[in-house]
Asker: 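Sharing a structure below in structure tokens format, with a few things to ask.
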Amino acid sequence: MLKAIILIGGPQKGTRFRPLSFEVPKPLFPVAGVPMLQHHIEACVKVPNLKEILLIGFYQPNEELNRFLFNAQQEFKMPIRYLQEFAALGTGGGIYHFRDQILSGSPEAFFVLNADVCSAFPLTEMLNFQKEHGEPNSFVILGTTANRKQSMNYGCIVENEKTNEVLHYVEKPSTFVSDIINCGIYLFNPEIFQHIGAVFQKNQQDMLLEEPTNGWHRAEAIRLEQDIFTSLAGQGKLYVYKTLSFWSQIKSAGSAIYASRLYLNQYHTTHPERLASNKEGGPKITGNVYIHPTANIDPTAVLGPNVSIGTGVTIGAGVRVRESIILHGATLQDQCCVLNSIVGWDSTIGKWSRVEGTPSDPNPNDPFAKIDSETLFRDGKLTPSITILGCNVNIPSEVIILNSIVLPHKDLNRSFKNQIIL
């Protein structure tokens with residue numbers, strides 16, 4: 001029997017996702033038409049003999065999370081439970097804290113997935129790889145190749161090329177270590193808890209010796225990457241399965257549009273029914289587009305490529321939308337144009353207005369390029385990025401909003417560029 005654990009973080013996390021994470025916990029933000037977490041769950045459900053999915057994080061259980069869990073259980077006929085940490089315990093501390101829940105029913109192995117990655121989730125391949133490599137009690141990290149410069153923003157893995165054993169693991173090194181990076185998707189067996197337990201005991205002893213501090217540093221706060229993988233590397237316990245399929249982090253709102261593109265592309269093989277097509281009396285579709293059945297779209301609108309339209313969205317005549325996410329209840333009035341933007345819940349864009357951002361895509365000429373997690377400001381200026389409208393933003397007619405972030409509940413009355421509108 002197998003289980004899957006998805007680490008969803010908590011409200012202090014996902015700050016780079018503002019203003020979108022004000023309305024909905026980041027793991028429930030819709031990417032390619034469904035909540036980010038649902039892509040993980042759909043992949044887990046396909047694994048044979050996987051019997052339970054546990055979400056671990058420190059969000060207060062709210063109505064949205066409960067509704068999502070209830071609907072997912074109904075749809076996938078699989079027990080999916082949320083376990084709430086009492087504080088942020090890190091990627092290792094959370095699973096260690098709930099080890100009894102994870103081990104109940106004695107699973108022989110379990111997956112651990114970070115919620116903020118977008119991937120083809122080759123989980124079955126990781127299982128097969130583990131059977132073929134190393135001893136039965138080995139652990140597997142999913143890895144992918146990055147370019148030299150970007151690899152230093154991730155956990156870097158040095159492998160034995162013959163056996164794929166992890167010889168050396170460094171989290172975000174300051175100089176180049178390896179171009180194989182950690183994808184934040186792991187396959188463990190119950191033995192991992194002995195290794196985490198050893199770190200927990202060591203932390204407890206260290207804390208007894210230290211002066212009491214402000215209590216932030218807890219013995220339970222354990223990071224899988226820095227505390228566990230670094231010491232397991234080179235001991236014949238840790239292996240890396242390298243995937244050639246797509247992978248990206250979803251740290252900022254800009255990377256949500258890129259992730260949406262990757263998932264829409266995958267729908268051709270996994271969910272062709274989610275992709276819109278050109279129909280008589282429907283809008284013109286170019287490339288991959290997801291349209292929720294409840295959206296009301298004028299047949300003269302042109303959508304795509306890489307567009308997802310949420311529930312109850314209204315799109316008027318002659319509207320052009322490209323490389324954007326339009327969230328539920330938004331209204332795009334006649335002849336407006338939306339490019340490289342996220343339009344928040346219940347926002348309105350007036351007639352003939354233009355809302356445009358700058359894409360933050362990886363270099364298309366480099367097959368191993370990843371998305372850069374840009375800082376908001378560079379050299380004292382706002383870095384040009386996608387335009388984000390928070391919820392309930394009203395854009396008047398005939399204005400241009402360029403490379404800007406508009407916080408929720410704003411009524412704008414003129415054009416803006418390169419600004420955060422508070």
Asker: Please identify each residue that fulfils side-chain contact (heavy atoms from CB on, under 4.5 Å) with Glu85, with sequence neighbours left out.
Answerer: Ile56, Phe58, Leu89, Phe98
Asker: Supply the atom-to-atom distance Leu55 CG to Leu65 CG, rounded to the nearest 0.5 angstrom.
Answerer: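 Going from the CG atom of Leu55 to the CG atom of Leu65 covers 7.0 Å.
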Asker: Has Lys46 got more than 12 heavy atoms of other residues, nucleotides or ligands less than 6.0 Å from its NZ?
Answerer: yes
Asker: Indicate yes or no for a side-chain donor-acceptor contact from Ser178 to the backbone of Ile180 under 3.5 Å, with no hydrogens or angles considered.
Answerer: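 The answer is yes, because a donor-acceptor pair under 3.5 Å joins these two groups.
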Asker: With sequence neighbours left out, which residue pairs that include part of residues 68-90 fulfil the ring-ring contact (aromatic ring centres under 6.0 Å, His included) condition?
Answerer: Phe86-His97
Asker: Can we say Lys242 and Glu159 salt-bridge, meaning some charged N sits less than 4.0 Å from an Asp/Glu carboxylate O?
Answerer: yes
Asker: Tell me every residue that passes side chain to side chain donor-acceptor pair (under 3.5 Å) with Thr91, counting only those two or more places apart in sequence or in another chain.
Answerer: Glu225
Asker: Between Trp345 and Leu20, is any pair of side-chain heavy atoms under 4.5 Å apart?
Answerer: yes
Asker: Would the distance check show the side chain of Ser231 and the main-chain N or O of Ile228 forming a donor-acceptor pair, the cut-off being under 3.5 Å?
Answerer: yes
Asker: Salt bridge check, Lys237 against Glu191: does any charged N sit closer than 4.0 Å to a carboxylate O?
Answerer: yes
Asker: Please report the closest heavy-atom contact between Pro173 and Val177, naming both atoms and the distance.
Answerer: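 In this case the closest contact between Pro173 and Val177 is CB-CG2, 3.5 Å.
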Asker: Tell me which pairs pass ring-ring contact (aromatic ring centres under 6.0 Å, His included) where either residue lies in residues 24-47, with sequence neighbours left out.
Answerer: Phe17-Phe29, His39-Tyr263, His40-Phe121
Asker: Return each pair, listed once, that meets side chain to side chain donor-acceptor pair (under 3.5 Å) where at least one residue sits in residues 107-122; pairs must be two or more places apart or across chains.
Answerer: Asp116-Lys251
Asker: Can you name the side chain to side chain donor-acceptor pair (under 3.5 Å) partners of Glu323, sequence neighbours left out?
Answerer: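 Testing Glu323 for side chain to side chain donor-acceptor pair (under 3.5 Å), a comparison that skips the adjacent residues, returns Arg261, Asn306.
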Asker: Please walk me through it: do Gln130 and Ser138 pass side chain to side chain contact (heavy atoms under 4.5 Å, CB included)?
Answerer: CA-CA 7 Å; Gln130 193 221 13; Ser138 58; 3.9 Å; yes
Asker: Are the charged groups of Glu63 and Arg67 less than 4.0 angstrom apart, N to O?
Answerer: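 Yes, charged N to carboxylate O under 4.0 Å.
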Asker: Can you find a pair of side-chain heavy atoms, one from Pro30 and one from Met36, that are under 4.5 Å apart?
Answerer: no
Asker: Applying ring-ring contact (aromatic ring centres under 6.0 Å, His included), name anything that partners His268, two or more places apart in sequence or on another chain.
Answerer: none
Asker: I'd like to check Thr294 versus His328 (side-chain heavy atoms, cut-off strictly below 4.5 Å). Are they in contact?
Answerer: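 Sidechains of His328 and Thr294: no contact.
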Asker: Rounded to the nearest 0.5 Å, how far apart are CG of Leu402 and OG1 of Thr387?
Answerer: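 That separation rounds to 6.0 Å.
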Asker: Compute both the distance and the angle, then confirm whether Arg274 meets the cation-pi test with Tyr267: under 6.0 Å from the six-membered ring centre, within 45 degrees of the axis.
Answerer: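 Yes, a cation-pi geometry.
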Asker: Between Ser255 (side chain) and Ser252 (backbone), is there a donor-acceptor pair under 3.5 Å?
Answerer: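 Yes.
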Asker: Could you please spell out the steps behind the side chain to side chain contact (heavy atoms under 4.5 Å, CB included) verdict for Ile315 and Asn296?
Answerer: CA-CA 6 Å; Ile315 295 185; Asn296 181 7; over 6 Å; no
Asker: Just checking Tyr239 against Phe139, ring centres under 6.0 Å apart?
Answerer: no
Asker: What's the verdict on side-chain hydrogen bond (donor to acceptor under 3.5 Å, both in side chains) for Gln101 and Arg81, showing C-alpha distance, side-chain angles and the deciding distance?
Answerer: CA-CA 10 Å; Gln101 301 266 14; Arg81 293 187 296 135; 3.1 Å; yes
Asker: Keeping Thr269 on the side-chain end and Gln266 on the backbone end, is there a donor-acceptor pair under 3.5 Å?
Answerer: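 Such a contact is found between Thr269 side chain and Gln266 backbone.
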Asker: Looking at every heavy atom in both Ala233 and Leu238, which two are closest together, and how far apart are they?
Answerer: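 For Ala233 versus Leu238, the nearest heavy atoms are N-CD2, 4.3 Å.
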Asker: Decide yes or no for Ile405 and Ile421: does some side-chain heavy atom of the first lie under 4.5 Å from some side-chain heavy atom of the second?
Answerer: no
Asker: Would you say the side chains of Asn147 and Gln150 form a donor-acceptor pair under 3.5 Å?
Answerer: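 Short answer, yes.
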Asker: When you measure from the side chain of Lys3 to the backbone of Ile102, do you find a donor-acceptor pair of N or O atoms at a distance under 3.5 Å?
Answerer: yes
Asker: If you measure from SG on Cys118 to CH2 on Trp247, what distance do you get to the nearest 0.5 Å?
Answerer: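 One finds 9.0 Å between SG of Cys118 and CH2 of Trp247.
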Asker: Pro362: which residues meet the side-chain contact (heavy atoms from CB on, under 4.5 Å) condition with it, sequence neighbours left out?
Answerer: Tyr258, Ala369, Ile371
Asker: If we only count heavy atoms from C-beta on, is the Lys370 to Gln249 side-chain gap below 4.5 Å?
Answerer: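 No, too far: nothing below the 4.5 Å cut-off.
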Asker: Could you list the residues that satisfy side-chain contact (heavy atoms from CB on, under 4.5 Å) with Thr124, not counting sequence neighbours?
Answerer: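 side-chain contact (heavy atoms from CB on, under 4.5 Å) list for Thr124, sorted by chain: Val47, Pro48, Asn128.
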Asker: So, does Ser353 use its side chain to make a donor-acceptor pair with the main chain of Cys336 at under 3.5 Å?
Answerer: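 Flag not set: sc Ser353 to bb Cys336 has no pair under 3.5 Å.
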Asker: Are Leu7 and Leu113 close enough that some pair of their side-chain heavy atoms sits under 4.5 Å apart?
Answerer: no
Asker: Can you tell me how far CD1 of Ile297 sits from NE2 of His292, rounded to the nearest 0.5 angstrom?
Answerer: 11.5 Å
Asker: Considering only heavy atoms from C-beta outward, does the side chain of Phe229 approach that of Ile157 to under 4.5 Å?
Answerer: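 The answer is no, as the side chains (C-beta and beyond) never meet within the 4.5 Å cut-off.
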Asker: Measure from NZ or CZ of Arg148 to the centre of the six-membered ring of Phe176 and say whether it is under 6.0 Å with the direction within 45° of the ring axis.
Answerer: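 Yes - Arg148 lies over the ring of Phe176, closer than 6.0 Å to its centre and within 45° of its axis.
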Asker: Can you list everything that forms a side chain to side chain donor-acceptor pair (under 3.5 Å) with Thr348? Sequence neighbours excluded, please.
Answerer: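 So Thr348 forms a side chain to side chain donor-acceptor pair (under 3.5 Å) with Asn394.
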Asker: Is the backbone N or O of Glu165 less than 3.5 Å from a side-chain atom of Asn160, with the two atoms forming a donor-acceptor pair by type?
Answerer: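 Here the side-chain-to-backbone pair does not exist.
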Asker: So, using side-chain contact (heavy atoms from CB on, under 4.5 Å) as the criterion, who are the partners of Cys337 when residues are at least two apart?
Answerer: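 Cys337 satisfies side-chain contact (heavy atoms from CB on, under 4.5 Å) with Arg320, Leu339, Arg354 once adjacent residues are dropped.
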Asker: Starting at CZ of Phe129, measure out to OH of Tyr241 and round the result to the nearest 0.5 Å.
Answerer: 8.5 Å
Asker: Any sub-3.5 Å donor-acceptor pair from Ser151's side-chain atoms to Asp179's backbone N or O?
Answerer: no
Asker: What pairs with Thr358 under side chain to side chain donor-acceptor pair (under 3.5 Å), at least two apart in sequence or on another chain?
Answerer: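 Only Asn403 meet the side chain to side chain donor-acceptor pair (under 3.5 Å) criterion with Thr358.
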Asker: Just how far is it from atom CZ of Phe111 to atom CG of Leu142, taken to the nearest 0.5 Å?
Answerer: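 Answer rounded to 0.5 Å: 10.0 Å.
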Asker: Between Ile349 and Val343, is there a side-chain heavy-atom distance shorter than 4.5 Å?
Answerer: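 In contact.
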